[in-house]
Visitor: 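Here you go, one structure.
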Amino acid sequence: MNLILLGAPGAGKGTLAAILIEKMGVPSISTGNILREAIKNGTDLGRKAKAFMDEGKLVPDELVIGLLKARVAEPDCSKGYILDGFPRTIPQAEELDRIAKIDCALSLEVPDEVIAQRMSGRRVCLKCGATYHIENFPPKAEGICDACGDPIVIRADDKPEVVQSRLATYHETTEPLVGYYRAQGKLKAIDGTQGIENTVKFAAEALGIEV
Ligand code: AP5
Ligand code: MG
Ligand code: ZN
C-alpha cells in the first residue's frame with residue numbers, strides 16, 4: 001500500500017508513521033528527516049534547504065521532488081511506503097500521481113492551539129529520526145534516544161515564531177491537498193487530538209489493518 005500522511009506541523013505524522021511501519025511492513029519516508037540529515041552532513045542539498053527550513057518555509061518543489069523520486073526507487077519501497085511530509089504542494093501531488101499509484105491519504109486533524117504544546121515539548125534524534133515528547137512520549141532515559149542511544153535535541157524549527165510561520169505555510173499551501181485527495185476519493189480524516197494510542201487505533205480502523 002502507498003499511503004500519504006497529511007497534517008499540520010506537529011499533528012503526529014512522524015509518530016504515527018513509526019508505528020505503522022511495523023504494522024504494515026513498509027518503510028516510511030519523511031522528506032523533513034532526509035533534509036535535516038542533509039543539513040547535518042553539510043551536503044549540497046542541505047545547504048540549499050537550510051535557509052527555507054529555518055524560516056518555516058517550504059523547500060522548493062524541484063529539490064524535494066528530486067529527492068523523493070530517488071528514495072521511492074530504492075528496493076525497500078517495492079512493496080509500498082508511507083509518505084510523511086510529502087506531498088506538500090499541489091505540484092508535488094501532481095508529480096507524485098505521475099510516478100506512483102496512491103491508495104490513501106490519511107489526514108490527522110489537530111487544531112493549531114494543540115500544536116503549540118506539542119512543539120514546545122518535542123525532542124528528536126538527529127541520528128535516527130526518532131521523535132519524543134517530554135510529557136506525552138518521553139524516552140526511557142532522560143535526554144537519550146531509545147532506539148540508538150544518541151542525545152535527543154530540540155529541532156531548530158520548533159522555536160515558537162518559526163512554528164507560527166510553519167502553520168501559516170501549512171494552511172496556505174498544504175491544506176488544499178485535503179481537497180485534492182478528497183476529489184480523488186482517497187481521503188480519510190481522523191481525529192489526532194486523542195493521544196498517541198487512540199490515533200493509532202483510528203488510523204488502523206480507517207486503513208482496515210490490525211493493530
Ligand atoms: P517536517 O519534518 O515534515 O515537519 P512538519 O510537517 O512541520 O511536521 P513535524 O515533523 O513538525 O510534525 P509531525 O506531524 O511529524 O509530528 P510528530 O510526530 O513529530 O518538515 C520540516 C521542514 O522541511 C518543512 O518546514 C519544510 O521546510 C521542509 N520540507 C519537508 N518536506 C517538504 C516538502 N515535501 N516540500 C517542501 N518542503 C519540505 O509529533 C509532534 C510532537 O507531538 C512530538 O513530540 C510527539 O511525541 C507528540 N505527539 C505526536 N502525536 C501525538 C498525539 N496523538 N498525542 C499527543 N502527543 C503527540
Ligand atoms: Mg515529522
Ligand atoms: Zn536515535
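Everything numeric here is computed off the predicted structure, so don't read it as measured data. When a ligand or atom number is given, it counts from 1 through the structure's own listing order.
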Visitor: Mind checking whether Tyr132 and Val124 sit in one hydrophobic cluster, side chains of I, L, V, M, F, W, Y counted as touching below 4.5 Å?
Guide: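 No; Val124 is not reachable from Tyr132 via cluster members.
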Visitor: Using 0.5 Å steps for rounding, measure from the CD1 atom of Ile90 to the CD atom of Gln92.
Guide: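 So the gap between those two atoms works out to 10.0 Å.
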Visitor: Give me the atom names and distance for the closest heavy-atom approach of Ala105 to Leu6.
Guide: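 Minimum heavy-atom separation between Ala105 and Leu6: CB-CD1, 4.2 Å.
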Visitor: By the definition side chain to side chain contact (heavy atoms under 4.5 Å, CB included), identify the one residue from Val72, Leu3, Asp76 that meets it with Tyr81.
Guide: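 One option only clears the test, and that one is Val72.
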Visitor: For residues Leu58 and Met53: do they belong to one hydrophobic cluster (side chain heavy atoms under 4.5 Å, members Ile, Leu, Val, Met, Phe, Trp, Tyr)?
Guide: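 Unlinked, Leu58 and Met53 end up in two clusters.
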Visitor: Is any NZ, NE, NH1 or NH2 atom of the basic residue among Glu95 and Arg98 found under 4.0 Å from an Asp or Glu carboxylate oxygen of the other?
Guide: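 Arg98 and Glu95: salt-bridged.
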Visitor: Evaluate the side chain to side chain contact (heavy atoms under 4.5 Å, CB included) criterion for residues Leu207 and Lys188: first the C-alpha distance (whole Å), next the side-chain angles of each, then the deciding distance (0.1 Å), finally the verdict.
Guide: CA-CA 8 Å; Leu207 298 171; Lys188 299 230 159 79; 5.7 Å; no
Visitor: Any carboxylate oxygen within less than 4.0 angstrom of a Lys/Arg side-chain nitrogen, looking at Arg166 and Asp158?
Guide: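 Asp158 and Arg166: salt-bridged.
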Visitor: I'd like the residue list for ligand 1, meaning every protein residue with a non-hydrogen atom under 4.0 Å from the ligand.
Guide: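 Its neighbours under 4.0 Å (heavy atoms only) are Ala8, Pro9, Gly10, Ala11, Gly12, Lys13, Gly14, Thr15, Thr31, Gly32, Leu35, Arg36, Met53, Lys57, Leu58, Val59, Val64, Gly85, Phe86, Arg88, Gln92, Arg118, Met119, Arg122, Thr131, Tyr132, His133, Asn136, Phe137, Arg155, Asp157, Arg166, Gly192, Gly195, Ile196, Thr199, given by chain and number.
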Visitor: Among the clusters formed by ILVMFWY side chains lying less than 4.5 Å apart, do Ile39 and Leu126 turn up in the same one?
Guide: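 Looking at the clustering, Leu126 is in a separate group from Ile39.
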Visitor: Which protein N, O or S atoms does the Zn ion (ligand 3) have within a distance shorter than 2.8 Å?
Guide: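 Hits for the Zn ion (ligand 3) below 2.8 Å: Cys125 SG, Cys128 SG, Cys145 SG, Cys148 SG.
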